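Below: one structure, written as structure tokens.
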Protein chains: 2
Amino acid sequence: MIKDKFADVVTPPPGEEADIGEINGILGFHIRLAHGACLRHFTETFTELDLTQKQVSVLWLVDDHPGIAQTDLAQRLRMDRATTMAIINRLQAKHYLRRDRSAEDGRKQALFLEPEGQAMLSRAKFAIGEHEAWVKRHFSDKEVKLLLELLARIHE
Amino acid sequence: MIKDKFADVVTPPPGEEADIGEINGILGFHIRLAHGACLRHFTETFTELDLTQKQVSVLWLVDDHPGIAQTDLAQRLRMDRATTMAIINRLQAKHYLRRDRSAEDGRKQALFLEPEGQAMLSRAKFAIGEHEAWVKRHFSDKEVKLLLELLARIHE
DNA sequence: GCGCAATTGTTAGTCAACCATACAAAACTA
DNA sequence: TAGTTTTGTATGGTTGACTAACAATTGCGC
């Protein structure tokens with residue numbers, strides 16, 4: 001398909017606010033945009049707490065499963081070991097959690113929240129509430145449930 | 001809330017395959033997981049072409065809007081100017097597009113695809129087809145439409 | 001027209017996340 | 001016991017996002 005050189009240079013329909021044309025029908029593109037919007041809002045919400053999505057997820061999971069090993073954590077959050085390491089290191093540097101050598105398996109590190117981590121997680125869960133309210137701002141309860149179910153089909 | 005120390009250390013329900021507990025009800029968490037899954041599959045699909053999601057989006061948009069300025073591009077894809085720069089630089093280094101100084105506005109750079117970029121975009125669109133089929137693998141047409149509409153509400 | 005403000009692109013630096021690779025220690029297995 | 005697998009670790013590279021600063025250009029108010 002050949003474009004006629006300079007026919008309508010600089011965005012054909014100048015009225016629209018943000019037309020993205022053909023690509024607009026691509027599902028993966030909208031997942032990316034929605035994720036980007038969520039990430040931006042999350043980051044804003046968590047500037048004070050100075051935590052990322054991944055870090056909150058890790059704190060949350062370690063709290064739910066005290067003594068969990070890094071590999072187990074990585075599988076549940078779909079990360080590889082190296083990435084998990086980096087995140088755990090950062091959280092440990094802030095004294096939010098600690099590594100204990102596992103008694104049963106000398107290779108494993110058992111992860112536990114420190115009191116500071118517990119406290120931070122509580123604050124984080126509160127902030128998550130705000131953030132979730134924003135994500136759901138245009139949804140009914142039924143739509144949230146539906147969206148949850150659809151998204152799960154993608155990543156399961 | 002105080003946990004009874006070592007009551008059920010190392011993951012309470014050991015049978016489940018990847019229980020993530022309470023956090024499972026968080027919508028933002030599932031958006032993140034779905035996006036992660038998409039990104040992984042996309043990256044796999046595009047290893048040969050050596051293109052990222054962002055790069056494909058940019059090529060696509062420049063093709064749809066020849067002569068588009070970087071700022072306009074950035075707005076449509078929800079990126080800032082600095083990030084856009086980095087991506088454009090990479091694409092230009094591969095000779096997929098070029099910057100022309102805009103005639104009407106000396107500040108703007110008019111972006112155009114080079115023939116190599118056109119060719120690569122064609123291949124990319126084909127690969128996108130495969131990728132989209134994967135994303136939609138568990139969805140009916142009706143569900144795709146619904147999901148698209150719900151996601152748009154988040155990022156609009 | 002002149003000067004100031006806004007826009008656009010650019011550069012530089014920081015950071016989080018991801019991936020690949022290689023290595024060491026511990027556990028498991030044949 | 002010897003070899004393999006698992007787990008954590010260290011290292012380096014890539015991508016993307018953000019901030020701050022700066023120069024060139026444009027546009028606006030006076």
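Because the structure is predicted, anything quoted here is derived from the model rather than measured. In the text below, chain A, chain B and the rest are named by the order of the sequence lines, each starting its count at 1.
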*Toward the 5' end of DNA chain C, which comes first, Arg81(A) or Gly106(A), by nearest nucleotide?*
Arg81(A)

*Starting at CG of Leu111(B) and ending at C1' of dG9(C), how long is that distance when rounded to a whole Å?*
11 Å

*5'-most contact on DNA chain D: Gln70(A) or Arg32(A), nearest heavy atom basis?*
Gln70(A)

*How long is the line joining CZ of Arg107(B) and C1' of dT26(D), in whole Å?*
4 Å

*Between Phe112(B) and Leu97(B), does a side-chain contact (heavy atoms from CB on, under 4.5 Å) hold up when you go through it step by step?*
CA-CA 5 Å; Phe112(B) 296 93; Leu97(B) 52 74; over 6 Å; no

*5' priority, DNA chain D, between Leu39(A) and Asn89(A) [closest heavy atom]*: Asn89(A)

_Separation of atom CG in Asp50(A) from atom C1' in dC18(D), rounded to whole Å_ = 14 Å

_From the set dC18(D), dA17(C), dG8(D), return the single nucleotide nearest to any side-chain atom of Thr83(A)._
dA17(C)

*asked:* Please report the distance, rounded to the nearest Å, between CD in Gln109(B) and P in dA24(D).
replied: 14 Å

*Show your working on salt bridge (charged side-chain N to carboxylate O under 4.0 Å, His left out) between Glu143(A) and Arg153(B) and close with a plain yes or no.*
CA-CA 11 Å; Glu143(A) 287 167 335; Arg153(B) 276 195 235 170; 3.0 Å; yes

*Determine: side-chain N/O of Arg99(A) to OP1/OP2 of dT9(D), distance under 4.0 Å, yes or no.*
yes

*Counting any heavy atom closer than 4.0 Å, what does Asp105(A) reach on the DNA or RNA strands: base, sugar-phosphate only, or nothing?*
sugar-phosphate

_What is the separation between atom CZ on Arg101(A) and atom P on dG8(D), rounded to the nearest whole Å?_
9 Å

_For atom CG of Leu77(B) and atom P of dA17(D), their distance in whole Å_ = 10 Å

*Closer than 4.0 Å, any side-chain N/O of Arg90(B) to the OP1 or OP2 of dT15(D)?*
yes

*Nearest non-hydrogen partners of Glu114(A) and Arg98(A), listed with the distance*: OE2-CB, 3.3 Å

*Give a yes or no answer on whether the side chain of Arg76(B) reaches the backbone of Ala74(B) with a donor-acceptor pair at less than 3.5 Å.*
no

_Ring geometry between His131(B) and Phe42(B) (parallel below 30°, tilted from 30 to 60°, perpendicular above 60°)_ = perpendicular

*Round to a whole Å and report the spacing from CD of Gln55(A) to P of dC15(C).*
13 Å

*asked:* If I take atom NE2 in residue His35(A) and atom P in nucleotide dC18(C), what distance separates them, rounded to the nearest angstrom?
replied: 9 Å

_For a quick test of reading the model: is some side-chain N or O of Thr52(A) closer than 4.0 Å to OP1 or OP2 of dA17(C)?_
yes

*Side-chain N or O of Thr71(A) closer than 4.0 Å to phosphate OP1/OP2 of dG8(D)*: yes

*Lys54(B) side-chain N/O to dA17(D) phosphate OP1/OP2 under 4.0 Å*: yes

